[in-house]
Amino acid sequence: MSLTSTRGDRGRRRRGARRFNRRDRIVLGVLLGLAILIDLFIVWGPTLASIGLSFTNYDGVSDIGWVGLDNYKTAFTEYPQFWPAVRHNLMWLGFLGLVATPFGLFLAVLIDRGVRFSRFYQSAIYLPVVLSLAIVGFIAQLVFSRDQGALNALLGRQDNPIDWIGDPDINIWMVMIAAAWRHTGYVMILYLAGLKAVDASLKEAAAIDGANERQTFFRVVFPTLRPVNIIVMVITVIEALRAFDIVYAINRGRNGLELLSVLVTDNIIGEASRIGFGSAIAVVLLVLSLGFVVTYLVQELRGEKNR
């Protein structure tokens, strides 16, 4: 056997799949097992517990009593805050998905093109992301306050101020703008990372074929951002349907700012302590979240398969 052949065999063996010994399998099993146990304990355990409690009248003190679908029936037909909260959550989702997310993509495209001071813009737009929504809520109070708010001062409405937060007809829109301020920076960073990963040769080939910048983006660049689109969509749904702290910091989620997450909190840890009823609302919120995410993912997987 020649020296070259021997070296080739050794190289193939080195490049082949590594065989795990008993110690490696134990370490992998422990690490994966811990991750799975933590996920079951923190995520799926409370989720299954909430689903089970939603069919009971449990109040945290007395014995658990089975009531079937009564909690859901009460929420749908007798609880006045329920449907406004559902409407506000869907409005929140639509605003983030149709306004904030496209605007974040637009900013990412501008910065990716290398405009002057792009580093400064990137940092300034991303800065709100490091703030919690509760802090954003306090900032919104400073901006939209009726008597001392910056917006009324800017508009010159000190003598006849607009109650941006106290008016239930407009306060939900003001709060959504504040939430979108934070969400836009997050989306911009995700799309900016995706744009940096696009092969430059694809743009060059499109330019050679005579495509303008708009056609190149929508027909060449944007389709390659499919993985980022999925991530952004899931994050948008989660951010919209779990929104809580910003409205709670403003007025405890009342007077036009009702959200499902606030109703869950008020019923489970509020004075009423209706854990079973609050769990039913939490299950509705879970179904809404999974419905949007699963539907989108199924459509994306079908589109990928057809390709």
Side-chain angles (χ1 to χ4, degrees), residues 39-96 132-138 140-141 165-169 171-176 178-179 235-294:
D39 185 66
L40 291 174
F41 181 75
I42 296 178
V43 179
W44 293 107
T47 299
L48 296 176
S50 296
I51 294 174
L53 289 173
S54 68
F55 299 103
T56 70
N57 60 358
Y58 185 54
D59 59 3
V61 178
S62 60
D63 295 335
I64 298 177
W66 183 265
V67 296
L69 297 175
D70 287 353
N71 287 328
Y72 295 95
K73 190 180 302 182
T74 300
F76 293 155
T77 60
E78 301 177 15
Y79 195 45
Q81 294 97 330
F82 178 77
W83 288 113
V86 172
R87 183 175 68 253
H88 293 161
N89 272 113
L90 294 178
M91 289 170 57
W92 206 290
L93 176 60
F95 192 83
L96 292 187
S132 69
L133 275 176
I135 300 300
V136 175
F138 291 128
Q141 286 182 303
I165 292 180
D167 188 345
D169 293 329
N171 57 5
I172 186 65
W173 297 102
M174 298 298 104
V175 176
M176 287 192 298
I235 290 174
T236 300
V237 172
I238 293 174
E239 287 290 319
L241 297 182
R242 77 174 182 89
F244 166 79
D245 32 11
I246 182 172
V247 298
Y248 209 78
I250 292 175
N251 66 356
R252 301 179 66 87
R254 298 169 183 172
N255 191 33
L257 297 182
E258 296 84 359
L259 294 174
L260 289 174
S261 57
V262 176
L263 301 185
V264 173
T265 303
D266 287 344
N267 283 279
I268 290 181
I269 65 174
E271 295 180 0
S273 188
R274 297 193 294 174
I275 296 178
F277 184 71
S279 297
I281 300 176
V283 172
V284 173
L285 185 59
L286 173 66
V287 171
L288 282 175
S289 303
L290 291 179
F292 282 107
V293 172
V294 171

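In what follows, residues are counted from 1 in the order of the sequence shown.
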Testing the basics here: between [X] and [Y], what is the closest heavy-atom pair and its distance to 0.1 Å?
{"X": "Thr56", "Y": "Gly52", "result": "CG2-O, 3.7 Å"}
{"X": "Ala178", "Y": "Ile246", "result": "CB-CD1, 4.0 Å"}
{"X": "Ser54", "Y": "Tyr72", "result": "OG-OH, 2.7 Å"}
{"X": "Leu260", "Y": "Leu288", "result": "CD1-CD1, 3.8 Å"}
{"X": "Leu133", "Y": "Glu239", "result": "CD1-OE1, 4.3 Å"}
{"X": "Pro168", "Y": "Gly256", "result": "CB-CA, 4.0 Å"}

Quick one: sort the Trp66 and Phe55 rings into parallel, tilted or perpendicular, breaks at 30° and 60°.
->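 Rings of Trp66 and Phe55: parallel, as their planes differ by under 30°.
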
In Å, rounded to the nearest 0.5 Å, how long is the span from [atom1] of [X] to [atom2] of [Y]?
{"X": "Glu258", "Y": "Asn251", "atom1": "CD", "atom2": "CG", "result": "8.0 Å"}
{"X": "His88", "Y": "Asn171", "atom1": "NE2", "atom2": "CG", "result": "7.5 Å"}
{"X": "Tyr58", "Y": "Asn71", "atom1": "OH", "atom2": "CG", "result": "14.5 Å"}
{"X": "Ile165", "Y": "Ile250", "atom1": "CD1", "atom2": "CD1", "result": "5.0 Å"}
{"X": "Phe138", "Y": "Asp245", "atom1": "CZ", "atom2": "CG", "result": "9.5 Å"}
{"X": "Thr265", "Y": "Ile281", "atom1": "OG1", "atom2": "CD1", "result": "10.0 Å"}

Test item: [X] side-chain N/O and [Y] main-chain N/O as donor-acceptor pair under 3.5 Å:
{"X": "Trp92", "Y": "Met176", "value": "no"}
{"X": "Asn89", "Y": "Ala240", "value": "yes"}
{"X": "Asn57", "Y": "Gly276", "value": "no"}

Taking the side chain as every heavy atom from C-beta outward, state whether Val284 and Phe82 have any atom pair closer than 4.5 Å.
->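 Yes, their side chains come closer than 4.5 Å.
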
Taking side chain as C-beta onward, heavy atoms only, is Phe76 less than 4.5 Å from Leu69?
->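 Phe76 vs Leu69: side chains apart.
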
Could you please spell out the steps behind the side chain to side chain contact (heavy atoms under 4.5 Å, CB included) verdict for Ile275 and Asp59?
-> CA-CA 5 Å; Ile275 296 178; Asp59 59 3; 5.8 Å; no

Arg274 pairs by side-chain hydrogen bond (donor to acceptor under 3.5 Å, both in side chains) with which of Thr74, Asn267, Asp266?
->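 So the option named by the test is Asn267.
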
For side chain to side chain contact (heavy atoms under 4.5 Å, CB included), just list the numbers for Leu259 and Phe244, CA-CA rounded to whole Å, side-chain angles, deciding distance to a tenth of an Å, and then say yes or no.
-> CA-CA 7 Å; Leu259 294 174; Phe244 166 79; 6.0 Å; no

